[in-house]
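Contents: one structure, followed by commentary.
Values in this document were obtained by computation on a predicted structure and should not be read as measured data. Within every chain, numbering begins at 1; the chains are lettered A, B, ... in the order of the sequence lines, protein sequences first and strands thereafter.
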Amino acid sequence: MNEMVELTERDREIASGDRGEALQFAMQVVLRAASIMRAPYLIDAGFVHIDSCHYYGTAHNDFAQYFVDHGLKFEIPAWTNTVPVSLSQPEIRIDANLTTLRESRDLADLYVDLGANPVWTCAPYQLPGSPGFGEHIVGSESNAVAYFNSAVGARTNKYGDFLDVCAGLVGRVPFAGLHTDAARHGQIVFDVSRIDPGLRATEVFCHVLGHLVGGATGSRIPVIDGLPPSTTPDSLKAISAAGAASGGVALFHAAGVTPEAPDIATALGHKAPEKTVIVTSEMLRQARDSLSTASPGPLNMVALGTPHFSLTEFERLAAAFDQRPIHPDLTFYVSTSRHVANSAGDAGWIDVLEASGVNVTVDTCTYFSPAVRAAKGRVMTNSAKWAYYAPGMLDVEVAFGSLEDCVESAVAGTVVRDESIWMKGS
Amino acid sequence: MSFSAANAIQGMVLNPGSAAGEVIRLDEPLSFWGGYDPATGMVIDQHHPQSGVVVRQKILVLPSSRGSAGTPAGVAESIRTGHGPSAIVIGSSDVNIAIGAMVADMLYSSDTPVLAITLEETAILTTGLRVRIGRSGMIEPDGD
């Protein structure tokens, strides 16, 4: 089945078993994928984001154990995705049965044994030393795939579990899909230029826009026209996560903002788009409203940090609280990585947020079923991705709003939204 | 169209193996991560029209999988527990399902063919048919 894939001498040596049966199996897995993807050959990958560390059953452990038993190590830098249970704060998931807890921790240890960098984050692009423009990498978690491809200009397909590890062990990926120039051109334009410029500059707009684009783009690569050049990495994270959740978007371009889209024509590969969607205020309001399922009433929880909170978001959150306490009847979670939590701690923001009553959790995400206690009832989030997934994973009703709305609601104990930003320019 | 030896279906082999048994066909795509319980082989996606159906030891026919990075793990875990399908026949090429079955077959010495056929061909393979899959990827009626 692999006869169509052209191999280098090293590929052939590994595939023939000269470097041991475990590395041979890893190569066979990569070659199986290459054959199905109709790749003519493999290319070197410089980085892998490991999703297989996210426990979903004993098969995950048996797979990793096989490579550990054969003494293998990753060939390229391998950074770990989130895990279902925080490794440093396991007590926040009191409901998980013991086997799940134990095997989830064992699995994390196995990936450390294989030489992975234990960052446990879905936002590896926020960490120093992450891949740069033009690098071929192995991405797995959907928001990170979209962010690396779109905001960074690194190149990856969305690789599933086991293949991520095998590609990282041999350091090779099939040359197909988004690794190739031809597959990276935009095909459909979303024109946001008629939306109020003030709204366009906000992060909450980008969450809603990502949700809208994901739902309308189909299998096409979207190009967004009309985002301000000042659009922040946090806003690009919002589009990546929301678009990947609602529509499987693995790459988008934003003209004048993302690195492969200096202008709209370049983003489209100098071809006409299949379709242009003029985004109206009404479409945005509809997309925004579809993210809220909650009935009116007191809030039980606020969940921020999907994908993991960045340092700049911590700075904004501390400023928005301005040392006010959260309402005593609700729990406020912020999910982030260990690395960003350390930096936010050094800046003094964790201390002031904890003084307000905020819980900062690391290594995991609050929509895993359930990663935290009290994840039920009426929950507010600033994340379109959290709003999209949580009602299916947890016993919750969701209210979607901006980061600032979430803070005001947490202080008040009930949903408070600044509607004025949505009403202009319609 | 009825299914007979005269119109046996040649699938594209995504993971080699052989199996025989009863077809269970899903009419909508399935997510093997979140929409499917690998401990029981049951479709648990509340939005799926066949929620509650159990695919254990059946020839599972479906149009496509919903692409989640966890798909291969869901497939492999259900093969490990013995509650997974005995073969998977998909109406589109699918790396994730192929790799899930390939890894399970290596770890657990199972034999789980994964074949790609056309969407039109999935319509012929209706629930309850008894079929036989050979290592070449040929799908034929069984039990005559």
Could you tell me the separation between the [atom1] atom of [X] and the [atom2] atom of [Y], rounded to the nearest 0.5 Å?
| X | Y | atom1 | atom2 | value |
| --- | --- | --- | --- | --- |
| B/Asn96 | A/Tyr159 | CG | OH | 11.5 Å |
| A/Glu141 | B/Ser68 | CD | OG | 9.5 Å |
| B/Met106 | A/Glu21 | CE | CD | 8.0 Å |
| B/Ile99 | A/Ile36 | CD1 | CD1 | 6.0 Å |
| B/Glu77 | A/Asp161 | CD | CG | 12.0 Å |
| A/Arg38 | B/Ser93 | CZ | OG | 6.5 Å |

Given that the side chain runs from C-beta out, which part of [X] has a heavy atom under 4.5 Å from chain B: side chain, backbone, both or neither?
| X | result |
| --- | --- |
| A/Phe63 | both |
| A/Asp62 | both |
| A/Thr58 | both |

Examine distances only and state if a side-chain atom of A/Arg32 and a backbone atom of B/Ala98 form a donor-acceptor pair shorter than 3.5 Å.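 Such a contact is absent between A/Arg32 side chain and B/Ala98 backbone.
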Within the distance-only criterion (no hydrogens, no angle test), does the side chain of A/Tyr56 pair as donor or acceptor with the backbone N or O of B/Gly34 below 3.5 angstrom?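 Confirmed, A/Tyr56 side chain pairs with B/Gly34 backbone.
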Counting heavy-atom pairs closer than 4.5 Å to chain B, which one of A/Ala244, A/Ser52, A/Gly57 comes out on top?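 The answer is A/Gly57.
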As an exercise: rank A/Asp51, A/Asp164, A/Asn81, A/Leu163 by heavy-atom pairs under 4.5 Å with chain B and give me the winner.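 Between A/Asp51, A/Asp164, A/Asn81, A/Leu163, the count favours A/Asp51.
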Looking at chain A, which one of B/Gly100, B/Ala116, B/Pro72 has the largest number of heavy-atom pairs inside 4.5 Å, strictly under?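 Maximum pair count with chain A is reached by B/Pro72.
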Atom of A/Ser140, atom of B/Ala69 and distance for their closest heavy-atom approach: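 The answer is O-CB, 3.8 Å.
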Closest contact, heavy atoms only, B/Val95 versus A/Ala33: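 Answer, listing the atom of B/Val95 first, then A/Ala33: CG1-CB, 3.9 Å.
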For the pair A/Phe25 and B/Met102, evaluate side chain to side chain contact (heavy atoms under 4.5 Å, CB included) and give the outcome as yes or no after the intermediate values. CA-CA 10 Å; A/Phe25 180 70; B/Met102 181 182 184; 4.3 Å; yes
